[in-house]
Each structure stands twice: as C-alpha cells, then as structure tokens.
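Report on the structure given below.
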Amino acid sequence: MVDAARAAKMADRIKVIVAKTLERGIKDPRLGFVTITDVRVTGDLQHASVFFTVYGTDEERFDSAAALKSATGLVRREVGKNLTARLTPSIEFIPDGIPENAALIDSLLTEAHQRDATIGSLKQNATYAGDEDPYVKPRDFAAEEEAAGFDDDDDDDDDAVYVSKDD
C-alpha cells in the first residue's frame, strides 16, 4: 500500500499530463470539447480512473468517449514518459455524471421555487380553519364571574345576615 498523499500527488500529475496530451497529441476528429474533471489512482498505483465531461450533445459525448477509448494507449505512453514512477498505471476513461447531476438539481430547485410561489399565492387568500389564535390564553376569572352574574365585590353591605336552615 502506498501513502495516500503520494497517490493524490500522482493523480494530480496524471490529470495534468492527460489534459495536455488530449490538447496537443490526439488528432481524432471525433474528439469534442473534453474536460478532465478528476483522476483517481488505486492504492497500489497500478490503475488510474480518468473522469471526463464533454460539452455538447449526446452524440458528441458518445463520439468523444469512443475517441478516448481508442487513444488510451497513446495517453498511457505519455503518462509513462512524464511520470516518475517505476510502473505506468493502466488508464481507464469514465464519463463523469456531474453535468447530468447538476441539471437534475437545477430542475429540482426550479420546481421547488414554483411550488413555493404557488403556496405563497394560496397563503394570501387563506383563512383560519378554527380560531385565529388557537393558543390557550390565561383565564380571566373576574370577567367570567361578572358575565355569569356573580358579584363577589367587597363593596356590598357588610351588615348582611346569613341564615342557615338549622335556625
């Protein structure tokens, strides 16, 4: 097993070498506007997965993938020349799903924004299903007694006589 930092450095170096090779060394007309997005190297430095995106239509992506597959040997040779490693890793080109994922996330965000706008317009005309303020307030016992006709104020005549049934 190799140190992770060394594998990361090698992956970065392979990314630069592959990008330069695609820019200068490959004359395939099928190759479109290719961008190398990432390179991952296995722990033993024997295999490198090169992730790429292609700007254009699905047909251009398919053609560029075919051109990269046919140029794998040339790219590996250039990596071997410019890399200071005992063994040259095998190269595999993998189409990166970042643009498709970004488009999906963008469409989901647009849909969420439209739903928020719809809910906002419904909110303006909405009324409460129950009371406007559904929270329980502290009871005002004095107001309730007054409304029921009980008068427990101390301003009554203090000389009142109370008669019990036993008398």
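Along the sequence shown, the residues carry numbers beginning at 1. Bear in mind the structure is a predicted one, so any value in this text is a computation, not a measurement.
Under the salt bridge (Lys or Arg N to Asp or Glu O under 4.0 Å) criterion, R139 pairs with E144, not counting sequence neighbours. Not a single side chain to side chain contact (heavy atoms under 4.5 Å, CB included) links S121 to another residue, sequence neighbours left out. The side-chain hydrogen bond (donor to acceptor under 3.5 Å, both in side chains) search around T72 returns none, not counting sequence neighbours. The salt bridge (Lys or Arg N to Asp or Glu O under 4.0 Å) test applied to D58 returns R61, not counting sequence neighbours.
Alongside Y55, the hydrophobic cluster contains F33 (criterion: ILVMFWY side chains under 4.5 Å). Grouping Ile, Leu, Val, Met, Phe, Trp and Tyr residues whose side-chain heavy atoms lie under 4.5 Å apart, directly or via other members, places L109 in a hydrophobic cluster with I105. Using a 4.5 Å cut-off between side-chain heavy atoms of Ile, Leu, Val, Met, Phe, Trp and Tyr, L108 falls into a hydrophobic cluster with L104.
Considering CZ of F93 and OG of S64, their distance stands at 11.5 Å, rounded to 0.5 Å. Distance check, rounded to the nearest 0.5 Å: CG of L74 to CG of D28 gives 10.5 Å. Residue L31 holds its CG atom at 11.0 Å from CD of E60, rounded to the nearest 0.5 Å.
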Exercise answer: donor-acceptor pairs, residues 45-52 side-chain atoms, under 3.5 Å, sequence neighbours excluded:
residue : atom : partner : partner atom : Å
H47     : ND1  : S90     : OG           : 2.7
H47     : NE2  : E92     : OE1          : 2.9

Return all side-chain donor-acceptor pairs below 3.5 angstrom for residues 75-83, not counting sequence neighbours, or 'none' if the list is empty.
residue : atom : partner : partner atom : Å
R76     : NE   : P89     : O            : 3.1
R76     : NH2  : T88     : O            : 2.8
N82     : ND2  : E78     : O            : 3.0

Under 3.5 Å donor-acceptor pairs involving side-chain atoms of residues 4-26, not counting sequence neighbours:
residue : atom : partner : partner atom : Å
K15     : NZ   : T37     : O            : 3.2
T21     : OG1  : I17     : O            : 2.7

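Considering all non-hydrogen atoms of both residues, R30 and A67 come closest at NH2-CA, 3.6 Å.
Among residue pairs with one or both ends in residues 98-114, those qualifying as side chain to side chain donor-acceptor pair (under 3.5 Å) are E111-R115; sequence neighbours excluded. Sorted by first and then second residue, the salt bridge (charged side-chain N to carboxylate O under 4.0 Å, His left out) pairs with a member in residues 32-42 read D38-R40; sequence neighbours excluded.
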